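Report on the following structure.
Treat the numbers as computed from the prediction; the structure is a model and nothing was measured.
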Amino acid sequence: MTSPPPAPDAETDPADTGTPAAEAGTGTPAAEADAGTPAAEAEAAAPDTGTAAPGAGGARSRAPRVALAAALLCGAVGAALALVAAGQTWSESSAAFAQGTVPVSAEGGDVTGLPSALALVGLAALVAVFAVRRLGRYLVAGLLTVCGGAVMAAALLGADDTAPLTEQAAKTSGLTDSGIGAVDVTAWPYVSAAGGALLLLAGLLALRYGRTWPSMSGSARYERVPLRQRATRAQRVDPDRPEDLWKAMDRGEDPTHGTA
C-alpha cells in the first residue's frame, strides 16, 4: 500500500504573486520619496516662474514711454517757468531822494538775461532730441542738461545781485552814489531756478532713455520718397473702403487715381 504524495509547499510555489515581498515593491518608502525629490518639486514650481517674467518685461517696456512723457512735460514746463519769471520783479528796495525815499525794483531781465536765453536753447534741444540719432542724440541731451543746470545757477546767483537796484536808484535820484535800503527778494528767482531744475531733469531722462525713443530721421513719414519709388509701390485702392482711401492719402498717393 502506497502513501499519498506530499502537498506542495506554499512558501516555495513560484506562481504565488501575493506574497508580502511582492506587495512591498509598490508601497515602499523609497517609492514614496521619489515624489518629494527636488526634481519633482522643480517641475511643480515651473509654471510659477513662467508667469512672473512677462510682468517684469512689460514694466521695462513701459519705462521708456513714461520717461518720454515725463521729459516732454518737464522740458516744456521748465522753459515756460524760466521765460515767465524773467519778466517779473525779482527784488525790491528804496532809494533816498529829496529828503525822502522812492521805491525801486529790478526785473529778472534786468538782473540777468541768461535764464530766458538758456531756456529757449534748452527747449530747442528738447525738440532736437527727436531729430537726431545715436551720438547726436546724446550730444543734444547733454546740451539740454547743461542748459538746465545753467538756468538754475544763474537764477540763484541773480537773487543776491543788488547791482540792478543800485543802477535803478541812481537813475531815479539822479545821483550816481545814491544808496539803497533793505533789499526784498521775491519768489520769482526761485521759480526760475525750479524751471531750470525741470530742464535738468528732462536732460537726464534723455540721456538715460533717449536711445529708445522714436526719431524723426528714422521714420519714413519724414523722409522724402522719390516719385518713381512711389509709383512702384502704389497699391490698389478700393473706393468702397474708406480705410483704403485714408491709407493712400497717408502714402502721398491720389486715392481717386485708377478707381474709375
Side-chain angles (χ1 to χ4, degrees), residues 66-131 138-210 213:
V66 174
L68 173 59
L72 290 174
L73 180 62
C74 290
V77 174
L81 289 178
L83 291 173
V84 171
Q88 305 299 322
T89 301
W90 281 26
S91 56
E92 298 175 339
S93 184
S94 59
F97 179 72
Q99 307 298 324
T101 58
V102 293
V104 292
S105 62
E107 295 183 353
D110 300 330
V111 176
T112 175
L114 286 178
S116 57
L118 291 174
L120 291 175
V121 175
L123 189 60
L126 179 62
V127 177
V129 167
F130 304 97
Y138 283 104
L139 293 177
V140 175
L143 176 61
L144 175 59
T145 306
V146 171
C147 288
V151 169
M152 287 182 59
L156 293 177
L157 292 176
D160 298 331
D161 190 2
T162 60
L165 289 175
T166 303
E167 182 180 356
Q168 186 68 24
K171 291 180 179 180
T172 302
S173 63
L175 302 175
T176 57
D177 58 348
S178 177
I180 57 175
V183 177
D184 296 329
V185 179
T186 64
W188 286 108
Y190 306 104
V191 172
S192 181
L198 291 177
L199 287 172
L200 176 62
L201 178 59
L204 294 177
L205 290 174
L207 287 173
R208 173 63 179 85
Y209 298 99
W213 292 351

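- Counting all heavy atoms, side chain and backbone alike, Thr112 lies closest to Ala154 at CG2-O, 4.1 Å.
- Atom CG in Leu73 sits 11.0 Å away from atom CG in Leu68 (nearest 0.5 Å).
- In plain terms, the two heavy atoms of Leu118 and Cys147 that are nearest each other are O-CB, 3.8 Å.
- Inter-residue side-chain proximity for Met152 and Leu200 is flagged as met; some heavy-atom pair is nearer than 4.5 Å.
- Going from atom CG of Leu120 over to atom CG of Leu83 covers 5.0 Å, rounded to the nearest 0.5 Å.
- The backbone N or O of Ser91 lies less than 3.5 Å from no partner atom in the side chain of Ser105, so there is not a single donor-acceptor pair.
- Here the shortest heavy-atom pairing between Ala82 and Val151 reads CB-CG1, 4.2 Å.
- In terms of modelled atom types and a separation under 3.5 Å, the side chain of Thr145 and the main chain of Ala141 share a donor-acceptor contact.
- The side chain to side chain contact (heavy atoms under 4.5 Å, CB included) with Val183 is formed by just one residue from the set Asp160, Thr162, Thr166, Asp161; it is Thr162.
- Put simply, CG on Asp184 and OG1 on Thr89 are 12.0 Å apart, with the number rounded to the nearest 0.5 Å.
- Asp110 approaches Pro164 most closely through the heavy-atom pair O-CG, 3.7 Å.
- Minimum heavy-atom separation, Ala71 to Trp213: CB-CH2, 3.6 Å.
- Side chain of Ser93 to main chain of Ala182: a donor-acceptor pair is present (N/O by atom type, distance under 3.5 Å, no hydrogens or angles).
- Atom CG of Leu139 and atom CG of Leu207 lie 10.0 Å apart (nearest 0.5 Å).
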